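What follows is a set of notes on a single structure, which appears directly below.
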Amino acid sequence: MAVPAHKQSTEQLPSVLGTVHEAPPAEEVPLEELTLSERMGEIARLLREQSSDSESLLTAVTQFAVDQVPGASFASITLVDPKGGITHPVVIGDAAQRVADVQRELEEGPSVGATFESTTILVEDTATEPRWPRFAEAAKEAGVGSILSFCLYVQNDAYGTLDLMAREANAFDAESQSIGSLFAVHAAVAFSAVREKEQIRAALTTRDVIGQAKGMIMERYKLDSDGAFRLLARLSQDSNVRLAEVAEQVIEAGPD
């Protein structure tokens, strides 16, 4: 029995759609085959997709810098704060960790105690570096031949850097500095987000501590909320101690 023409076309439709859906996806072009502008655009897209928070974004930027900056083998983020000391929230590679430890121990190096008259500091050869001889010798022993540091931010006496390191001496050229500076911009944005989050977290913690201390004072002295806060503020002013620290002392003393 012959099948009507309109039914033939309807029955053929699923097979046609199946053919369209089964077409192989376009192959992803490796980053190294893209132009620099295309590569940075693709990296920016990957960073948006892969990083769900500012801390992981900072780590991802640092890793991409190691992968993409000519000559780079290791990297770290260095934070120098006279009040908080020297810290390294991101370290890529064992050699970078050893260099980070040396900078903390000796308190010298391209990222420690340096005045950033420009945004970049280059150590071409750790074997002959005259500015930080003890650090340079230790970095050489750690397997690092040259270092390229980019300033991420400066605030009063505190600052942060993106530090790229190479196994060989004289590994960083003008292209390295140009591409590295692009990653430094990404890192600076990510780090700004990290610092903002930490400040918000600290502010919320301080608010909770003051609130708890106010509650204890209200119960102990039968004061209302405003009266308890005024008492805390007067104690802070009279003792020349931060309000949050006074609140912590009230909490530690307990309800008695």
Side-chain angles (χ1 to χ4, degrees), residues 51-62 75-92 96-116 132 134-135 149-163 184 187-256:
S51 301
S52 58
D53 60 82
S54 49
E55 286 87 349
S56 62
L57 177 59
L58 188 59
T59 300
V61 169
T62 308
S76 66
I77 298 290
T78 300
L79 308 182
V80 179
D81 188 336
K83 297 180 180 179
I86 303 166
T87 57
H88 300 275
V90 179
V91 178
I92 307 295
Q97 183 62 64
R98 291 195 292 273
V99 169
D101 294 341
V102 166
Q103 287 200 112
R104 281 199 307 274
E105 292 169 7
L106 300 179
E107 295 187 350
E108 72 171 38
S111 301
V112 179
T115 301
F116 280 87
W132 309 284
R134 293 186 302 161
F135 165 80
S149 292
F150 297 92
C151 185
L152 301 182
Y153 82 98
V154 175
Q155 186 176 35
N156 299 325
D157 293 328
Y159 57 88
T161 63
L162 167 64
D163 310 310
V189 171
F191 187 70
S192 176
V194 172
R195 294 173 67 214
E196 182 178 358
K197 182 184 292 185
E198 289 175 346
Q199 289 169 355
I200 292 173
R201 189 181 297 130
L204 291 174
T205 300
T206 298
R207 186 185 67 179
D208 291 343
V209 168
I210 293 174
Q212 186 177 349
K214 277 174 53 181
M216 294 176 67
I217 291 174
M218 289 168 65
E219 182 177 355
R220 184 185 305 172
Y221 298 106
K222 308 305 179 185
L223 298 173
D224 60 14
S225 178
D226 289 342
F229 182 80
R230 285 196 297 270
L231 178 56
L232 275 174
R234 190 169 74 245
L235 289 171
S236 172
Q237 184 175 9
D238 291 345
S239 60
N240 196 26
V241 176
R242 290 175 55 249
L243 182 62
E245 293 181 20
V246 172
E248 289 174 355
Q249 293 171 7
V250 170
I251 295 169
E252 290 174 2
D256 298 331

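All values below were derived from every heavy atom in this structure, side-chain atoms included, with hydrogens, water molecules and symmetry-related copies excluded. What you see is a predicted model; the values in this text were computed from it and never measured.
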Worksheet item: Are any of the side-chain nitrogens in D101 or R104 under 4.0 Å away from the carboxylate oxygens of its partner?
Response: yes

Worksheet item: Of the non-hydrogen atoms in V91 and Q97, which two are nearest, and what is the gap between them?
Response: CG1-N, 3.4 Å

Worksheet, complete the sentence: Closest non-hydrogen contact found for F135 with P110 is CE2-CD, 3.2 Å

Discussion item. Give me the atom names and distance for the closest heavy-atom approach of T78 to S76.
Written reply: OG1-OG, 3.9 Å

Discussion item. Within the structure provided, determine whether I86 and L79 are in side-chain contact (heavy-atom separation under 4.5 Å).
Written reply: no

Worksheet item: If every non-hydrogen atom of S149 is compared with every non-hydrogen atom of D163, which pair is closest and at what distance?
Response: OG-OD1, 2.8 Å

Would you mind writing out the side-chain donor-acceptor pairs for residues 240-253 within the sub-3.5 Å range, not counting sequence neighbours?
unit_1	atom_1	unit_2	atom_2	d
R242	NH1	E245	OE2	3.3

Item to complete: Calculate, to the nearest 0.5 Å, the distance between atoms CG and CD1 belonging to L58 and I77 respectively.
Response: 4.5 Å

Discussion item. Checking T62 now: which residues fulfil side-chain hydrogen bond (donor to acceptor under 3.5 Å, both in side chains) with it, not counting sequence neighbours?
Written reply: none

Worksheet entry | Least distance between heavy atoms, Q103 atom then V112 atom | OE1-CG2, 3.7 Å

Worksheet, complete the sentence: On a heavy-atom basis, the closest approach of S111 and T161 is OG-OG1, 3.1 Å

